[in-house]
Amino acid sequence: MNRPSSPAPHCRTCAHYYITHDARFPYGCRAMDFKSKRLPRQEVREATGRDCLVFTARTRCS
């Protein structure tokens, strides 16, 4: 029986994701130390063929 796979983690809910001040590369990943024109998860998927392996869910402040 095929189970639906879980959705890929989204950068905006990751603790490593940030918005840069570089207009040419507005999205960044601190864990992988890079900036990009596209969301980091898109770059990782294109380069490796896999979803991000360093995703860490952001903790919510109360």
Side-chain angles (χ1 to χ4, degrees):
M1 178 173 177
N2 290 337
R3 291 184 181 179
S5 61
S6 59
H10 200 286
C11 293
R12 289 187 178 103
T13 61
C14 181
H16 305 296
Y17 173 74
Y18 68 105
I19 301 295
T20 73
H21 294 282
D22 186 340
R24 295 175 300 149
F25 303 102
Y27 309 110
C29 176
R30 288 184 183 98
M32 292 190 220
D33 194 31
F34 75 91
K35 297 186 291 186
S36 174
K37 290 182 180 185
R38 301 184 301 170
L39 287 173
R41 76 180 189 150
Q42 293 170 316
E43 298 290 346
V44 169
R45 182 77 155 155
E46 185 175 300
T48 66
R50 300 181 70 188
D51 291 329
C52 179
L53 298 176
V54 296
F55 174 82
T56 304
R58 214 175 252 177
T59 57
R60 299 187 95 184
C61 297
S62 299

Looking at [atom1] of [X] and [atom2] of [Y], how far apart are the two atoms once the value is rounded to the nearest 0.5 Å?
{"X": "E46", "Y": "R41", "atom1": "CD", "atom2": "CZ", "value": "13.5 Å"}
{"X": "R12", "Y": "Y18", "atom1": "CZ", "atom2": "OH", "value": "15.0 Å"}
{"X": "F25", "Y": "S36", "atom1": "CZ", "atom2": "OG", "value": "8.0 Å"}
{"X": "M32", "Y": "L53", "atom1": "CE", "atom2": "CG", "value": "7.0 Å"}
{"X": "H16", "Y": "C11", "atom1": "NE2", "atom2": "SG", "value": "11.0 Å"}

>> Contact between D51 and R45 at the side-chain level, heavy atoms closer than 4.5 Å - yes or no?
In response: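 The answer is yes; the side chains approach within 4.5 Å.
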
> Is the NZ or CZ atom of R30 positioned over Y17's six-membered ring, under 6.0 angstrom from the centre and within 45° of the axis?
Replying inline: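 No.
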
Exercise: identify the closest heavy-atom pair between [X] and [Y]:
{"X": "T20", "Y": "G28", "value": "CG2-N, 4.0 Å"}
{"X": "A57", "Y": "F55", "value": "N-CE2, 3.7 Å"}
{"X": "P40", "Y": "F34", "value": "CB-CZ, 3.7 Å"}

> Does the salt bridge (Lys or Arg N to Asp or Glu O under 4.0 Å) test come out yes or no for E43 and K37, once each step is laid out?
Replying inline: CA-CA 9 Å; E43 298 290 346; K37 290 182 180 185; over 6 Å; no

>> Go through it in stages, so that I can follow the logic: the residues are K35 and D22, the test is salt bridge (Lys or Arg N to Asp or Glu O under 4.0 Å), and I'd like the CA-CA distance, side-chain angles, deciding distance and then a yes or no.
In response: CA-CA 9 Å; K35 297 186 291 186; D22 186 340; 3.5 Å; yes

> Is there a path of hydrophobic side-chain contacts, each under 4.5 Å between heavy atoms of I, L, V, M, F, W or Y residues, that connects I19 with L39?
Replying inline: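 Result: yes, single cluster for both.
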
